Enquirer: 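I am attaching a structure below and will ask some questions about it afterwards.
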2 protein chains.
Amino acid sequence: MEKITLKDIAALTGYSVSTVSRSLNDNDRIPLETRNEIKEIAKQLNYTIDINARNLSKKTSSTIGVFMQNDFFKLPHSTFTNIFWSTLHEEIQIKGYEPALYLFSDTDDFKYKVSQLFNSGLIDGVIIFSKLLTNKEIEFLKEMKYPYSLLYYGPEKYSEEVFTADNYSSGKIITNFLISRNLKSIATITTDMTPSFKMRTLGYKHALEEAGIKFNESLVIKAIPSFENGVEIAHQLYKKLDEIDAIFSQHDIWALGLIKGFTDLGVKIPEEISIIGHDNLAFKTWFSPVLTTFTIETKKICIDAIESLIDDKIYKKRRIPIFKTLGTLVIGESVR
Amino acid sequence: MEKITLKDIAALTGYSVSTVSRSLNDNDRIPLETRNEIKEIAKQLNYTIDINARNLSKKTSSTIGVFMQNDFFKLPHSTFTNIFWSTLHEEIQIKGYEPALYLFSDTDDFKYKVSQLFNSGLIDGVIIFSKLLTNKEIEFLKEMKYPYSLLYYGPEKYSEEVFTADNYSSGKIITNFLISRNLKSIATITTDMTPSFKMRTLGYKHALEEAGIKFNESLVIKAIPSFENGVEIAHQLYKKLDEIDAIFSQHDIWALGLIKGFTDLGVKIPEEISIIGHDNLAFKTWFSPVLTTFTIETKKICIDAIESLIDDKIYKKRRIPIFKTLGTLVIGESVR
DNA sequence: ATCACCTGGGCGCTAGACTTA
DNA sequence: CTAAGTCTAGCGCCCAGGTGA
């Protein structure tokens, strides 16, 4: 099977290479009849365009690079990564672009890959989904004028630019929900690893204060997100159970660990302690009681990031404001 | 920032474009000193090669396409997909190739993407990880002489070609293990969706027969793999518990569902029923008792598939036999 | 003959300039 | 002037086959 090129089609149809090229690209200058004739032949020959040649000539490829840190797919509960990647994959195609996934390890790797891809015209823009981002990467992108959107994560300094959930409001909504159930002494589990968590904590704090409840630093528990740490925290809190009405776990993974930990200890949820999570992990159905949690608008966030990248930064057609998208409570059985 | 090309470096150093190209590709024909001089300049200018131009000229790209079906990243417990993808990503790089992920939806989509990528020289070989594969895809690859390796899944007719676990032996080992614990009446949960499960069932059957235990068709339970179905099966088996000693769940996800289901019903594991799984999912630690299960050599399987693809099918250097790799038992607490 | 480097053609496609009726 | 094409240069790189010392 020899490779079919425009030349072959030109020879076979008697037209020139440029006419063939124009026809296959549906150029108005070629009469519809000719176009169809050429397309028909191309189809019969199973012609596919040479992507390298097209890119080299056009200096653009209509593809969007999705950059993720390379350990995201190694995490045991990386459902989040998967949801984002598969949503991006779908939505980028809907916008008429090709998605391409790239994993990077560190700043240098990131910079090298990004510049190579942009220089080669292999990507027209980049969507970055990574906790590892520092100011350096963002400044590099700005300096090089590479179109980019930040998805979900971003360094504190540039957090305004990040397409993500409205974490401040979710913290507030969740806390208010607990307060509305007459749960007043609320602990929270968080981490200072990313700005998202800080915002949730801030929302939590303000909700408390607005309800006239004094914010108590000692009720803010810091941990690394993992099921095991959730179990561990349940054991730690076991003795203090009379001082606490509810726990706002800023990530479901801890909340599920809490359910397991407390259940093992014979603590009844929600009778003795209410638990609320954040993220609406699919696993929640594996545990009883079913976790009350909070879901973010993954799909909308992805679409916003993509549209901003394409319409605003690549085409400069319209300005897309960078939204922090509001999520919603998902009521389960773990809150009294 | 104007794009730097070989021409620019040539102009700057006074050498010709071909000398610069050869130097950057470490060609012996250029004296080391010249090479280093040129490389130094290239580095200072932040030169990156134009991938399209290189590929177009060389008709090869040193990249390996990883093809997966597009819904794999949507599954709630797609840890398996993630492990394979991240292992492939790492190991392909170690072999000096670039990994590229492509998701496809159906046969036509698959064929089109594969031929376009091969025609464009964008991939030199392809590793396919998909349940959707039919004879058509394989015959197409063979006809077009595209180098490929089948990973983990493959249509029954070509199952000999698939790099995967030795599912027959795992079925046997697991069943023998149960028998050695004096558990004789063993049910199994399986599906006829893929050849892997059929092989596990066959191993189970042979192990029973070799131990002189009559194979009982009614103890073979068929279901779609999901946690919920595991729970459901626990409820179904509740009344028959005196007839069954152990359950060989051919996928951990059912086994974890069983643990939850039986625990909720007040059935003690392993005292009243022994459970053994298959796949060693990371989630197993979330449940008590910790599941006894079986782990397959994911990494080795991936490496075999990659080496076969590169050394055998691309370079035709050496023949790699297609192994079915043996896994190992992972002892937990769910078997008496 | 070897070393060190250069010339030129070509990969397949695109698009602006040009031609012909 | 238009409609329907064709011509040609060029994208950036690689490499076979030179050339001159």
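Within every chain, numbering begins at 1; the chains are lettered A, B, ... in the order of the sequence lines, protein sequences first and strands thereafter. Only a predicted model underlies this, so the values are computations on that prediction, with no experimental measurement involved.
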Enquirer: Find the distance B:R22:CZ to D:dG17:P and express it as a whole number of Å.
Expert: 12 Å
Enquirer: Tell me whether the side-chain N or O atoms of A:S18 pair up with the base of D:dT8 as donor and acceptor below 3.5 Å, since no angle test is needed here.
Expert: no
Enquirer: A:D109: which residues meet the side chain to side chain donor-acceptor pair (under 3.5 Å) condition with it, sequence neighbours left out?
Expert: A:S105, A:K113
Enquirer: At their closest point, which heavy atom of A:F140 faces which heavy atom of A:V114, and how far apart are they?
Expert: CE2-CG1, 4.2 Å
Enquirer: Heavy-atom count check: over 12 atoms from other residues, nucleotides or ligands less than 6.0 Å from A:K142 NZ?
Expert: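 More than 12 within 6.0 Å, yes.
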Enquirer: Can you tell me if A:K59 touches the phosphate of D:dG12, counting only side-chain N or O atoms and a distance under 4.0 Å to OP1 or OP2?
Expert: yes
Enquirer: With hydrogens left out and only the distance checked, is there a donor-acceptor pair under 3.5 Å joining A:S21's side chain and the base of C:dC13?
Expert: no
Enquirer: Would you mind classifying the nucleic acid contact of B:V17 as base, sugar-phosphate or nothing, using non-hydrogen atoms under 4.0 angstrom?
Expert: nothing
Enquirer: Quick one, B:E98 and B:I92 - any side-chain contact, counting heavy atoms below 4.5 Å?
Expert: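 Counting from C-beta outward, B:E98 and B:I92 never come under 4.5 Å.
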Enquirer: Quick check on contacts: within residues 116-124 of chain A, what sits under 4.0 Å from DNA chain D by heavy-atom distance?
Expert: none
Enquirer: Indicate the atoms forming the closest heavy-atom contact of B:S149 with B:K313, along with that distance.
Expert: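 So the minimum-distance heavy-atom pair works out to OG-NZ, 3.2 Å.
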Enquirer: Tell me the side-chain hydrogen bond (donor to acceptor under 3.5 Å, both in side chains) pairs involving residues 34-44 of chain A, sequence neighbours left out?
Expert: A:Y15-A:E37, A:D26-A:R35, A:D26-A:K39, A:E40-A:Q44
Enquirer: Might you point out which heavy atoms bring B:V162 and B:K324 nearest each other, and give the distance in Å?
Expert: O-NZ, 2.7 Å
Enquirer: For B:A53 and for B:V20, find the nucleotide of DNA chain C with the closest heavy atom, then tell me which residue's nucleotide is more 5'.
Expert: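 In this pair, the answer is B:V20.
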Enquirer: Could you state the CG-P distance from B:L56 to D:dC11, rounded to the nearest angstrom?
Expert: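 Going from CG in B:L56 over to P in D:dC11 covers 13 Å.
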Enquirer: Pair B:E137, B:T134 - check side chain to side chain contact (heavy atoms under 4.5 Å, CB included), show working.
Expert: CA-CA 6 Å; B:E137 282 89 343; B:T134 65; 2.4 Å; yes
Enquirer: May I ask you to list the residues of residues 5-14 of chain B, by number, that have any heavy atom positioned under 4.0 Å from an atom of DNA chain C?
Expert: B:G14
Enquirer: Provide, to the nearest angstrom, the distance between the OH atom belonging to B:Y15 and the P atom belonging to C:dT7.
Expert: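 It works out to 15 Å between those atoms.
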Enquirer: Please check if the side chain of A:Q69 supplies one atom and the backbone of A:K131 the other of a donor-acceptor pair under 3.5 Å.
Expert: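 Yes; at least one donor-acceptor contact below 3.5 Å.
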Enquirer: Using whole Å, what does the distance between atom P of nucleotide D:dG12 and atom CG of A:N55 come to?
Expert: 13 Å
Enquirer: Of the non-hydrogen atoms in B:N119 and A:K3, which two are nearest, and what is the gap between them?
Expert: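 Here B:N119 and A:K3 meet closest at O-NZ, 2.7 Å.
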Enquirer: Looking at B:N52 and A:I51, what are the two nearest heavy atoms and their distance?
Expert: OD1-O, 4.4 Å
Enquirer: Listed in order of residue number, which residues of residues 25-38 of chain A have a non-hydrogen atom at under 4.0 Å from DNA chain C?
Expert: A:N25, A:R29
Enquirer: Step by step, work out the side-chain hydrogen bond (donor to acceptor under 3.5 Å, both in side chains) result for B:T60 and B:D124.
Expert: CA-CA 6 Å; B:T60 167; B:D124 296 344; 2.9 Å; yes
Enquirer: Salt bridge check, B:D304 against B:K300: does any charged N sit closer than 4.0 Å to a carboxylate O?
Expert: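 Yes.
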Enquirer: Among the nucleotides C:dT14, D:dC14, C:dC6, which one has an atom lying closest to any side-chain atom of A:R54?
Expert: C:dT14
Enquirer: Has B:E161 got a side-chain atom pairing as donor or acceptor with B:L150's backbone, closer than 3.5 angstrom?
Expert: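 No, the answer is negative, given that no donor and acceptor are paired below the 3.5 Å cut-off.
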Enquirer: From C-beta outward on B:S57, which listed nucleotide comes closest to its side chain: C:dA15, C:dC11, C:dG12?
Expert: C:dC11
Enquirer: Quick check on contacts: within residues 40-52 of chain A, what sits under 4.0 Å from DNA chain C by heavy-atom distance?
Expert: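 Heavy-atom contacts with DNA chain C come from A:Y47, A:I49, A:D50.
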